[in-house]
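Single-structure report; data block below.
Keep in mind the model is a prediction, meaning the values are calculated, not measured. Every chain is numbered from 1, with letters handed out A, B, ... down the list of sequences.
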Amino acid sequence: MTAVLEVRDLKVRFATPDGEVSAVNGVSFDVNEGECVGIVGESGSGKSQLFMSVMGLLAKNGRTLGSAKYRGTELVGMPVKDLNKIRGDKIAMIFQDSMTGLTPHLRIGKQMTEVLVQHKGMGEAAAVKRALEMLNLVRIPEAARRLAQYPHELSGGMRQRIMIAMALLCEPELLIADEPTTALDVTVQAQILDLMADLKRVTKAAIVLITHDLGTVAGLCDKVQVMYGGRFMETGSVQEIFYQPAHPYTAGLLASMPRLTEGRREKLYAIPGQPPNLQRLPKACPFQERCDYVHERCVDELPLLRDVTPGHAKACHLLSLANPVSDPKAPSLKVATEARSA
Amino acid sequence: MLSYAVRRLLEAIPTLLVIVALSFFLMHSAPGGPFDSERVLPPEIEANLKAAYNLDKPVWQQFTIYLGKALQGDFGPSFTYKDFTVSELILTGLPVSARLGLSAVTLAVLIGCTLGILAAMRQNTKTDYSIMGIAMVGITIPNFVMAPLLTLIFGIYLGWLPVAGLGDGSFRNLVLPVIALALPQIAIVSRLTRGGMIEVLRSNFVRTAHAKGLPEHLIITRHTLRAAMLPVVSYLGPAIAGLVTGSVVIEQIFGLPGIGRYFVQGAINRDYTLVMGTVITYGSLIVLMNLLVDLVYGLMDPRVRYD
């Protein structure tokens, strides 16, 4: 399999008046052709910023370290002029907030055709034809009429469909979907997910699905990467993550999913504590403060990703969740002295 | 949109009536009168004068007489410029003031918007700080300081431009007053533009535009500018009404025969009819400009509805 996107030791930092915030702290992964990768994590886990940095969309105070390559071409530090030849054309992104994601004073038609004019050099008529095709593909009724409408004349679900159609106009090789259903009603969410599942089959694009909703991932993705405190805690296939979670955080996330089969009076499970403050991230395991199995090594040493089985990796000092004792062979980075004295 | 405009113009009639009534009664309740002066007039002459101008009648009766005539387009004679009617004074002065004001507005929009866009695109850099610093100076220096300074430098030391007066009426004579009038406006417009731009540049739809791989110039002109200019448009409406009706200070310093001075002189001299004339001129312009702003809003933002 060929990788569309190769990310190596990527870090994202934000300069703020109160000091530097570390949103992403060295992640490495590949997205292969036609693959669907789910990035799961709580708010503030760095999952959105990771891909904002890949797209060159970080806020002005943000900077990216490390490497992210699209088919061998380095994206980090690439001049905007060159980046603009890739984003929107080869790599497309759709965002969480469809209500504010479209320019309010431009007609849908203009917002769609400008992408084709820009990247494919299409004429107006050809671009309109292509836009219509895409609107039909995302099952928008009365597509021709929509082109002349403004975003505020459409519903939230319709606007998200337009965003998706817009992202797919140039047949990108990679589609990054940042919480595409979060801002929508539950029924509309289901429709959009259906649509995404169909598109996965129809288009050849690899898909990255960023979400905090494990259910979404289960339905769509091949691979899952669980993020916490700007690092990957566990990566593996959907089956592995859901049925053999190896990291206490993944297990906690799965236990937090409300189940319809559970007794009514039962209290919903929640992982105790708060997500870590990214400004004062623990030097060792970011999950230490909330972990049931925390021990000395978790405070002194940063656990590195290691294979549980081939293709399934965790960043945890424990031998396994069934036998939660410290594994002396677990690879780690010693950070103790400075972390403790600080 | 047309029916909305017509409705708004009809609504302006009661608004203007209230303005006229309020200023009329306020003016007449102020102590003193148009014929008070150092030299005391013989009582019979003063009585004659008052009778001639209807000042001997009760105030409400004066008001109805004034209103009746005003509705027929007769705004009465000026009390102090004795050979002129108020209409003559305003109609000769207004074009001068309007020419000055509109030139200043044009200059302010062209330069102010450019500077504001530049500052916003280079936010928190030296470019931004220097533009905003100069803008701050532009706002804080009063025009009665700026105008003589300009005259001194460009009129006297360098001798490039006329110091005062309309001269042969060519634009050369207006350059300095237009600049003096425009400078604070440039400053305000550039600050408003910068603020609007920065807000819109942070919005989600601009991020979408970047994600689509559009070049910077398209993102600014197509996706940002229209939404960013709304605060500028709101400000410009009333500002144009103010600038077009002249500036006392600028017209005095540069010796220009506009109508700006009538606002002040009319009030000081208790020149009742002249004050009413200027109030009606300014009031109508404000009403008109606000309507214009609302219509322009509709053109700029499709979400604005008229119903």
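Looking at every heavy atom in both residues, P302(B) comes nearest to P104(A) through CG-O, 3.3 Å. The shortest non-hydrogen separation linking R226(B) to H105(A) is NH2-O, 3.4 Å.
Here M166(A) contributes atom CE and T208(B) contributes atom OG1; the two are 6.0 Å apart, rounded to the nearest 0.5 Å. One finds the CD1 atom of I219(B) at 6.5 Å from the CG atom of N84(A) (value rounded to the nearest 0.5 Å). From K60(A), atom NZ reaches atom OG1 of T125(B) across 9.0 Å, with rounding to the nearest 0.5 Å.
A cation-pi arrangement is absent between R303(B) and Y150(A), since the terminal nitrogen or guanidinium carbon is not both under 6.0 Å from the aromatic centre and inside a 45° cone about the axis.
Between the H223(B) side chain and the L102(A) main chain, no donor and acceptor come within less than 3.5 Å of each other.
Within residues 109-124 of chain A, the residues having any heavy atom under 4.5 Å from a heavy atom of chain B are, by residue number, K110(A), Q111(A), E114(A), V115(A), Q118(A), H119(A).
Here G88(A) is the residue among C170(A), G88(A), A59(A) with the most heavy-atom pairs under 4.5 Å with chain B.
Heavy atoms of R202(B) lying under 4.5 Å from chain A are absent altogether. Contact of M99(A) with chain B is not made at all, since no heavy-atom distance falls under 4.5 Å.
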Please evaluate residues H210(B) and R87(A) with respect to the criterion side-chain contact (heavy atoms from CB on, under 4.5 Å), reporting the C-alpha separation (whole Å), side-chain torsions for both, the decisive distance (0.1 Å), and the verdict. CA-CA 8 Å; H210(B) 280 291; R87(A) 53 182 185 189; 4.0 Å; yes
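Each of D97(A), T100(A), L57(A) was scored for a side chain to side chain contact (heavy atoms under 4.5 Å, CB included) with R207(B), with one residue passing: L57(A).
By the neighbour-count criterion of 12 heavy atoms within 6.0 Å, atom CD of E199(B) is sparsely surrounded, having that number or fewer from other residues, nucleotides or ligands.
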